[in-house]
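In what follows, every chain begins at residue 1, and chains take the letters A, B, ... in the order their sequences are listed.
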Amino acid sequence: MSDDAPAGLDFIRQIIADDNASGKHDGRVVTRFPPEPNGFLHIGHAKSVCLNFGVAEENNGRCFLRFDDTNPLKEDQDFVDAIEADVRWLGYDWEDRLTHASDYYEDLYNCAVQLIEAGKAYVDSQTPDEIRATRGTLTEPGQNSPHRERPAAESLDLFQRMRAGEFADGELVLRAKINMASPNINLRDPIIFRIRHAAHQRTGDKWCIYPMYDFAHTISDALEGITHSLCTLEFEDHRPLYDWILDQLTLPHRPRQIEFSRLNVAYMITSKRRLAELIDIGQVGGWDDPRMPTIAGLRRRGYPAAALRDFCSRVGVTKKDHLIEMALLETCVRENLNEDAPRAMAVLDPVKLVLTNYPADQVEMMTAANHPQRGELGEREVPFGRELWIERDDFMEDPPKKFFRLKPGGEVRLRNAYIIRCDEVVKGEDGNVTELRCTYDADTRSGLPGASRKVKGTIHWVSAAHAVSAPVRLYDRLFTVPRPDMDKSGRDFKDFLNPESLQEMPAAKLEPVLGDAAAGAVYQFERTGYFVADSQDSQPGAPVFNRVVTLRDTWAKLEQAALQELGNA
RNA sequence: UGGGGUGUAGCCAAGUGGUAAGGCAACGGGUUUUGAUCCCGUCAUUCGCAGGUUCGAUUCCUGCCACCCCAGCCA
């Protein structure tokens, strides 16, 4: 995926390489990506997808896409479909290895029976409150359940009747018998099966008892022959339970769990619960809103899958808590898009410019390259006339030093066309510029010898007579602080929403080719950024554009530095 | 004050007993009809802190400090 010189293997790939060298699994590498279908995948999942599928690919191994569907109350087939689409879009293929924890419900039940018969699990009749109250705290041990020593035969009978539907939700629970005094709370007789009279999206009403994560996940790993079960750090203290389960049961294979730190990107949140909340309150349009950190959102935003893969690879895999700067993600996107995106001109915030010495009825077709570095991408004709739209930002009446764009009496090049001079500034009642009256230098048309005359600035434009109008949306970060979910003062993440995360440009004027942009097509609007024709809202001949990312902008940086200077003075 | 983790530049991240890779960012310079791209250069006498072992430590030992995770019949 990356052609960069390999910087040593990350610790997981190192473990795998060592296992391969020692012949631990006869050289087999089997991994799995195990999402719960209770929401859309986000950028953090992308890291896990790339790791699990990537590591398998690199070692001629296999990777399962396994849905961890053990909680019918929260899960939904729509999420299953979305997750499959996202993984596929990211560029990975699970071939025939699409599985579900629910595929193993019968095995899981049998494993539970095995545990009960071995005296390693018991049915507890305590209420949820009692169980919570006797679990102890971080510093105090828990107390044994009064039913802990219930005879195996009795537990077995109760467990069978739990399955048969004789009890209500919460009435009974199956617990592993480990150690209520363990300093690791996960080992204090964890619940492994609970009653839930709820229809499951795959098994329907067949079951009314459902396994808990630790039990289902561990055994699913073993049944699938997973060699390296990669998960995030918060499961680190579940590993003793994972290993305990493997120790008690007769399973065909012994997987190993390895934990790595989850991906955190500044100004983003990756909590499905919180993302769902943003949708509920109407802050965003849905899971695929272009501002969402979901795979679907990033895709709709115009981020290429290859850029996401590159990002995950550049971020690395460690056990360190980190906060990746957005700049890295944006660099990956720009690098990818710069390669292939055809260039075009679009004026986002237009102001009228009239060439007073240009014939009113004349139209010239200007030749423009579709890519400055890749001639093979061809050229196109762009109509030019007496009245043009230019970017409001590209004119300043009283500019600072080093402003290379248009100013009264100043010259600038119109990209792919002529050098012009600004003669007159027309303003409205409110003092805003309504029109710039300029003259063009006929000798300086692009391609003509006179074009070699140097002027400091080049600006983009669109012929007013030929302009296509289209909605353009500018997106910015959803939050105003790097860690909206980690506020020390206890404020809610919603308190940090960026009111300017979406800015609509209703008057944008595009050059004609852009009017035919196909949904999903990405262009570089020269000097402003990369834009994608929205996959949902674009109609044939009537595109709606989303800004993917801005171009790197040295001028904006200078301006900001100047402002900072003023502020400090 | 229990248990489990983690601490290498602004942000990531290699290195794990022999004297600090690489990327992003930043900053300088060159090319440029995108202030884009591209190219060149600069950017840790130092590896959370304090001791110790050693000819020599980011790497080994001891102590301390900081941060993250865990008390769902969620995953």
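Under the 6.0 Å distance and 45° angle rule, A:Arg196 does not count as a cation-pi partner of A:Tyr210.
A salt bridge links A:Arg453 with A:Asp441: the closest approach of a Lys/Arg side-chain nitrogen to an acidic carboxylate oxygen falls below 4.0 angstrom. Between A:Arg405 and A:Asp393 there is no salt bridge, since none of the side-chain N atoms of the basic residue sits less than 4.0 Å from a carboxylate O of the acidic one. The existence of a salt bridge linking A:Glu236 and A:Lys319 is confirmed by a sub-4.0 Å separation between a basic side-chain nitrogen and an acidic carboxylate oxygen. Using a cutoff of 4.0 Å between basic side-chain nitrogens and carboxylate oxygens, A:Arg202 and A:Asp69 are not scored as salt-bridged.
Here, B:G4 and B:U62 have their P atoms 15 Å apart, quoted to the whole Å. Here the separation of B:U19 from B:G29, taken at their P atoms, is 35 Å to the nearest Å.
Contact annotation: A:Arg135 reaches the phosphate of B:C73 (side-chain N/O to OP1 or OP2, under 4.0 Å). Not one side-chain nitrogen or oxygen of A:His322 sits closer than 4.0 Å to the OP1 or OP2 atom of B:C11. Side-chain N/O atoms of A:Ser261 include none lying less than 4.0 angstrom from OP1 or OP2 on B:U6.
The distance from atom CD1 of A:Ile191 to atom C1' of B:A71 is 12 Å, rounded to the nearest whole Å. Put simply, CZ on A:Arg13 is 14 Å from P on B:A13, counting in whole angstrom units. Rounded to an integer number of Å, the gap from CG of A:Asp321 to C1' of B:G48 is 15 Å. Atom CG of A:Asp243 and atom P of B:G4 are 15 Å apart (whole Å). Between the CZ atom of A:Phe67 and the P atom of B:A75 there is a distance of 16 Å, rounded to whole Å. A:Leu323 has its CG atom 15 Å from the C1' atom of B:U6, to the nearest Å. Rounded to a whole Å, the CD1 atom of A:Ile324 is 16 Å from the P atom of B:G10. The separation between A:Asn184 atom CG and B:C69 atom P is 16 Å, rounded to whole Å.
Looking at A:Asp237, its side chain comes within 3.5 Å of the base of B:G3 through a donor and an acceptor atom.
Base contact: A:Thr127 has a heavy atom under 4.0 Å from a base atom. Counting non-hydrogen atoms under 4.0 angstrom, A:Phe193 reaches nothing in the nucleic acid. At the heavy-atom level, A:Phe215 lies nowhere under 4.0 Å from the strands shown.
Against the 90° criterion about 0, the sugar-base torsion of B:G48 places it in the anti range.
Enclosure of atom CD in A:Gln560 is not indicated, since only 12 or fewer non-hydrogen atoms of other residues, nucleotides or ligands lie within 6.0 angstrom.
For RNA chain B, the stems formed by at least three consecutive Watson-Crick or G-U pairs, with both atom-pair distances below 3.5 Å, span B:2-7 with B:65-70, B:10-12 with B:22-24, B:26-30 with B:38-42, B:48-52 with B:60-64.
If A:Gly136 and A:Thr70 are placed on RNA chain B by their nearest nucleotide, the residue sitting closer to the 5' end is A:Gly136. In terms of position along RNA chain B, the nucleotide closest to A:Gly457 lies nearer the 5' end than the nucleotide closest to the other residue of the pair A:Gly457 and A:Arg132.
Candidate nucleotides B:C74, B:C69, B:C12 were compared by shortest atom distance to the side chain of A:Met212, and B:C74 ranks first. Taking only side-chain atoms of A:Thr139, from C-beta outward, the nucleotide of B:G35, B:G2, B:A75 with the closest atom is B:G2. Comparing atom distances between the A:Lys320 side chain and each of B:A13, B:C73, B:C68 picks out B:A13 as nearest. Each of B:C74, B:C68, B:C70 was ranked by its minimum atom distance to the side chain of A:Ile185; first place goes to B:C70.
Side-chain contact check for A:His460 and A:Glu391: at least one donor-acceptor pair (N or O, by modelled atom type) lies under 3.5 Å. Inspection of the A:Glu259 and A:Gln257 side chains reveals an N or O donor paired with an N or O acceptor under 3.5 Å. Between the side chains of A:Glu381 and A:Thr367, at least one donor N or O lies within less than 3.5 Å of an accepting N or O.
Ring-to-base geometry places A:Trp555 in a stacked arrangement with B:G35 (centre distance under 5.5 Å, plane angle under 30°).
The CG atom of A:Leu158 sits 13.5 Å away from the OH atom of A:Tyr122 when rounded to the nearest 0.5 Å.
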Practice prompt. Summarise how protein sits on nucleotides 24-34 of chain B as a single string, 5' to 3': B when a protein heavy atom is under 4.0 Å from the base, S for sugar-phosphate-only contact, - for no contact.
Written response: SSSS-----BB
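Aromatic pair A:Tyr213/A:Phe235: centroids less than 6.0 angstrom apart.
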